[in-house]
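When a ligand or atom number is given, it counts from 1 through the structure's own listing order. Hydrogens, waters and symmetry mates play no part in the numbers below; they use all other heavy atoms, side chains included.
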Amino acid sequence: MKKILFVASECSPFVKTGGLADVIGSLPLALKQSNGADVRVILPLYDEVAESYSEEFQYVARFHVTLGWREQEVSLYSYEYKGVIYYFIENNYYFTRKGIYGYYDDGERFVFFSHAVMAALAKLDFVPDVLHAHDWQAGLVVALANIEQPIEGLKTVFTIHNIKYQGVMPHSTFSDFFNLSGEHFSGFEWNGMINCMKSALFHADKITTVSPSYAEEILDPYYSEGLHPLLHERLEDLSGILNGIDTKEYNPLTDPNLHITYRDSRVKKSINKAFLQEKLGLSVDESIPLYIMVTRLTEQKGLHLIKRILPEFLQHNVQFILLGTGEAEFEAFFAELPHIFPDQVRSLLSFNEELARQMYASADFFLMPSQFEPCGLAQLIALQYKTVPIVRETGGLRDTVVPFNSVSGEGNGFSFANYNAHDLLHVLYDSLDVYQDAIQWRRLIKNVNKQKFDWQHSAEEYSQLYATVTK
Ligand code: GLC
């Protein structure tokens with residue numbers, strides 16, 4: 001039985017800012033169930049972790065970690081939740097703060113976390129075969145494990161969930177924080193700076209990303225955020241494994257947030273739609289197609305395209321609801337929109353899980369025209385709730401949404417290739433045509449109903465990867 005230790009900075013249900021937390025919160029159990037691997041997870045203990053969990057923690061050990069001149073105490077805890085063992089690194093100075101990222105010393109905080117994980121390895125009653133680290137916050141663990149060899153034969157896998165965030169710090173931090181001799185500097189340096197993601201790409205035995213298309217895209221300067229030369233060097237060890245979703249958690253047949261649950265009944269789905277239309281004061285009318293977005297309001301999510309063409313699209317008899325928060329520019333746009341289209345648009349500038357689920361259940365179309373999207377979970381949730389995705393062909397969106405072809409009858413959504421607002425507008429018009437054509441719409445929905453994006457397949461791919469790397 002393979003023993004794998006996941007290292008990450010967030011994990012559902014304990015602490016979450018994005019899709020990373022969903023993956024860390026669901027993949028370990030999937031690996032256990034599909035291949036009997038013992039996968040455990042080590043995380044920082046943030047203030048945000050609810051007491052209902054932390055009061056059940058078991059004490060494991062206490063030790064010191066030195067970071068340059070600073071010596072810090074760490075308490076290590078373990079906690080079993082739904083069949084998976086989690087370890088938490090507690091240190092008040094670095095992690096007892098509001099929120100989880102966005103501090104001037106984030107780099108230092110995760111250097112500390114990485115040193116603490118290395119020290120924790122000696123205290124655990126668990127000797128992993130593979131350290132599997134996720135995103136830049138855990139990247140240094142890969143580098144330190146390779147250099148320090150804390151466990152004989154220990155292998156490393158590094159997964160890129162988003163190459164845009166790399167953990168970049170002044171090069172002086174190398175001598176301040178790393179406790180390493182100068183010969184190792186080049187493995188951490190990129191463009192004159194310390195770069196945590198680079199250190200992982202340089203040191204990892206295997207590198208993965210969260211979809212096959214993204215694995216190809218990041219070889220190109222348009223997507224690589226400057227790291228393509230290094231990725232080309234590591235090409236043989238780079239692969240893409242598509243994320244799944246927890247299909248128990250996201251299941252319209254059991255979701256307690258819904259007005260009425262359903263499997264693939266369009267009638268019941270339309271009862272949810274009428275409920276939401278009424279709740280938000282829109283015309284209750286099944287024949288008006290309902291388009292939604294549930295998203296962080298950042299440029300990555302294609303919001304400049306939306307801004308450019310949505311007012312034009314709203315000249316047609318369609319409804320649009322947005323749920324999300326984020327950058328001021330986009331919040332301002334969406335705050336204004338319902339004033340211009342009071343009968344058609346609602347903007348909910350907040351985050352509310354119950355409402356999100358009700359939107360997935362009610363909508364006809366889910367919009368996600370991302371500029372880049374390593375995998376994307378929302379389009380998968382939409383498909384689970386039998387809502388048709390409209391996406392740009394990038395990363396995981398390209399790998400999960402097949403454009404509907406009204407001649408062959410294939411496809412589960414709508415997509416466009418270039419990051420261009422009028423290409424998006426064009427597929428929005430296509431979606432409207434199909435919605436208004438009962439025969440084509442039925443063909444499309446039939447395909448949507450057949451989709452399955454659970455973890456099964458991907459868990460097998462990870463297991464194979466672990467087998468290869470430990471051979
Ligand atoms: C990041 C990516 C997203 C991906 C998620 C989980 O948030 O932006 O595309 O789905 O990580 O891997």
Check your understanding: Is the count of non-hydrogen atoms from other residues, nucleotides or ligands lying under 6.0 Å from Arg398 atom CZ greater than 12?
Key -> no

Per-atom contacts of ligand 1 with [X], taking only distances under 4.0 Å to non-hydrogen atoms:
X	result
Val23	6 (C), 12 (O)
Pro374	2 (C), 8 (O), 9 (O)
Gln300	8 (O)

Check your understanding: Nearest heavy atom to atom 6 (C) of ligand 1: which of Val210, Asn243, Leu27, Asn162 does it belong to?
Key -> Asn243

List the atom pairs, donor and acceptor, that lie under 3.5 Å between side-chain atoms in residues 413-426 and the rest of the protein, sequence neighbours left out.
| from | atom 1 | to | atom 2 | distance (Å) |
| --- | --- | --- | --- | --- |
| Ser415 | OG | Glu393 | OE2 | 2.7 |
| Asn420 | OD1 | His422 | N | 2.8 |
| Asn420 | OD1 | Asp423 | N | 3.0 |

Review point. Under a heavy-atom criterion of less than 4.0 Å, does Gly376 contact ligand 1?
Key: yes

Review point. For Cys375, is at least one N or O under 3.5 Å away from an N or O on ligand 1?
Key: yes

Give the residue and atom name of whichever protein heavy atom lies nearest to [atom], and the separation in Å to one decimal.
atom	answer
atom 9 (O) of ligand 1	Glu373 OE2, 2.6 Å
atom 7 (O) of ligand 1	Gly19 N, 4.0 Å
atom 12 (O) of ligand 1	His161 ND1, 2.6 Å

Practice item. Show your working on ring-ring contact (aromatic ring centres under 6.0 Å, His included) between Phe372 and Tyr223 and close with a plain yes or no. Key: CA-CA 7 Å; Phe372 66 91; Tyr223 291 99; 7.2 Å; no

Review point. Below 6.0 angstrom between ring centroids: does that apply to Trp136 and Phe113?
Key: no

Exercise for review: Any chance you could lay out the ring-ring contact (aromatic ring centres under 6.0 Å, His included) test for Phe14 and Phe88, step after step, and finish with the verdict?
Suggested key: CA-CA 11 Å; Phe14 308 111; Phe88 287 90; 5.3 Å; yes

Point to revise | Under 3.5 Å side-chain donor-acceptor pair for Glu217 and Thr394 | key: yes

Point to revise | Parallel, tilted or perpendicular: ring planes of Tyr81 versus Tyr53, cut at 30 and 60 degrees | key: perpendicular

